[in-house]
Number of protein chains: 2
Amino acid sequence: MTIQQPRTRIQKKNRWTILDAALDVFSDNGFRGATLDQIAASAGLSKPNVLYYFSSKEAIYTALLSGLLETWLDPLRAIDPEGDAVDEILAYVRRKLDMSREFPRESRLFANEIVQGAPHIIDQIEGPLKDLVDGTCALLRRWMNSGDLAPFDPYHLIFSIWATTQHYADFNVQVAGILQTDQDTQFGTAADFLDEFYRRALTPVSG
Amino acid sequence: MTIQQPRTRIQKKNRWTILDAALDVFSDNGFRGATLDQIAASAGLSKPNVLYYFSSKEAIYTALLSGLLETWLDPLRAIDPEGDAVDEILAYVRRKLDMSREFPRESRLFANEIVQGAPHIIDQIEGPLKDLVDGTCALLRRWMNSGDLAPFDPYHLIFSIWATTQHYADFNVQVAGILQTDQDTQFGTAADFLDEFYRRALTPVSG
DNA sequence: CGTGTTCCTGACCGTTTGGTCAATAATTTC
DNA sequence: GAAATTATTGACCAAACGGTCAGGAACACG
């Protein structure tokens, strides 16, 4: 029998410990590449004890994914339809880049999952995520039609923001290998670049 | 004893068959997630026969990676210092997007490798790749200084091109799940977007 | 043809993997 | 503090894994 919903303080603590350890291991190795022994060792628990809190390796993985997907989409939901178009998008870019810096493990977890065909979250991509993106694209189109935003395909614009910001988490080894600077500098110069770049591309021709 | 360099026609054919099958399996599952049985089955050979042509699973993987890395960087080398700055970069973007469309398996192979820390090719990233990028960035800076190109951090500009173009191969499941169109349309609209987007961002203010 | 080489396979091996289970230890509850 | 519940573990298992090997089949070449 496995715990479904944490009731005691020990359950709360250990479930969190396991999920945190699993995030390390899964984000570094992908689902198939990760092992329960690694997760258990990283969590400081025995393997049977890990399986006392989660029924299987897959249960840990899906618990991680579903718990994180919400947080992951928050920056997109935070775009204010009443705000200035260019400012809102630049702020969104900034929030996404901040997430890559603060939560690189989460970013790589999703990267691994999606590169390998998103077998565990394909439904949520084609459902809730698609709906959220559709809504945002409608807003972007309104901004473009009213002349507040340079006209582009809104879907590909969002893809470009995802790609350019998550790149600094998912492909960090490559970025670090080429720039040969510390993390702070990498993300600092990246923030400046993305701000200038998207500002220049998105600011509509005035009056 | 394992074959080092193909001599007979059978060796040539079977080594190629194995590498092609391995590309399928590794790009879908990453190195650790892939198994020799999968590769053998996909190649239509027995597992011992696969190991007759390659000494180990790792040998197949490194043969794939090193054989592909060269091809992967060709588009960057093809930038003509004598050409028009904006046109050359737009053409580069186009070539990279074409590679994502024509060689998605190769793109995902590298994506898997780099997301998981690039353990097999970190040397080539910090060596030859860095040198190539350094050279290209020097060219980009010259173009920027002479007013042929809008001024940006050249390194992050290249990163943005890698990110936005490879996104369509590496994260294709997500793109397809949101756009809900066929592959041709996805890449067609992506090409249009990237062309317009980079043109607008990179074209310098005239005289 | 025959003979040497290349090619291929079934059977096998040691290890790792995800997962089970009975027994015990720790904690909570009355 | 005893009973009931929760937490933890060592020992174990079947399957999957990467890899080996002896021997046979197919092929090249005189």
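No hydrogens, no waters, no symmetry mates; every other heavy atom, side chains included, goes into these values. All chains are named by letter (A, B, ...) in the order of the sequence lines, taking the proteins before the strands, and each is independently numbered beginning at 1.
If A:S46 and B:K47 are placed on DNA chain D by their nearest nucleotide, the residue sitting closer to the 5' end is A:S46.
Rounded to an integer number of Å, the gap from CG of B:D37 to P of C:dG10 is 13 Å. As rounded to whole Å, 13 Å separates atom C1' of C:dG18 from atom CZ of B:R32. For the pair B:I39 CD1 and D:dG19 C1', the computed distance is 13 Å after rounding to whole Å. The distance from atom CD1 of A:I18 to atom C1' of D:dA7 is 11 Å, rounded to the nearest whole Å. To the nearest angstrom, C1' of D:dC17 lies 12 Å from CZ of B:F31. Atom CG of A:L36 is separated from atom P of D:dC12 by 20 Å (rounded to the nearest Å). Rounded to whole Å, the distance from OH on B:Y52 to C1' on C:dT9 is 13 Å. Distance B:Q11 CD to C:dT6 P: 8 Å, rounded to the nearest Å.
Closest approach to the B:L51 side chain among D:dT20, C:dC8, C:dG19 is made by D:dT20 (side chain taken as heavy atoms from C-beta onward). Listed candidates were C:dG18, D:dT6, D:dT9. Nearest to the side chain of A:N49 is D:dT9.
With 3.5 Å as the limit, one finds a donor-acceptor pair spanning the side chains of B:T185 and B:D182.
With a 6.0 Å radius and a threshold of 12 heavy atoms from other residues, nucleotides or ligands, B:R94 has its CZ atom at or below the threshold.
In this structure, B:T203 and B:A150 approach most closely via the heavy-atom pair O-CB, 4.3 Å.
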Show your working on side-chain hydrogen bond (donor to acceptor under 3.5 Å, both in side chains) between B:S160 and B:Y198 and close with a plain yes or no. CA-CA 10 Å; B:S160 83; B:Y198 276 98; 2.7 Å; yes
Tell me, with the steps shown, if B:Q183 and B:N172 meet side-chain hydrogen bond (donor to acceptor under 3.5 Å, both in side chains). CA-CA 9 Å; B:Q183 288 253 76; B:N172 183 264; 2.9 Å; yes
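Regarding contacts with the backbone of D:dT6, every side-chain N or O of A:N14 stays at 4.0 angstrom or more from both OP1 and OP2. Side-chain nitrogen and oxygen atoms of A:Y53 include none within less than 4.0 Å of the OP1 or OP2 phosphate oxygen of D:dT6.
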Identify each atom pair where a protein N or O and an N or O of nucleotides 21-30 of chain D are less than 3.5 Å apart, giving names and distance.
from: D:dA28; atom 1: OP1; to: B:R9; atom 2: NH2; distance (Å): 2.9

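In this structure the side chain of A:F187 reaches within 4.5 angstrom of the side chain of A:S100, judged on heavy atoms.
Contact annotation for B:A40: no contact, since no heavy-atom pair falls under 4.0 Å across all strands.
Aromatic ring pairs are classed by plane angle as parallel below 30°, tilted from 30° to 60° and perpendicular above 60°; the pair B:F152 and A:F197 is perpendicular. Between A:Y61 and A:H120, the ring planes lie perpendicular to each other; the angle is over 60°, past the 30° to 60° tilted range.
Geometrically, B:K57 engages B:F31 in a cation-pi contact, judged by NZ or CZ lying under 6.0 Å from the ring centre and within 45° of the ring axis.
Near DNA chain C, defined here as any heavy-atom distance below 4.0 Å, the residues from residues 56-66 of chain A are A:S56, A:K57, listed numerically.
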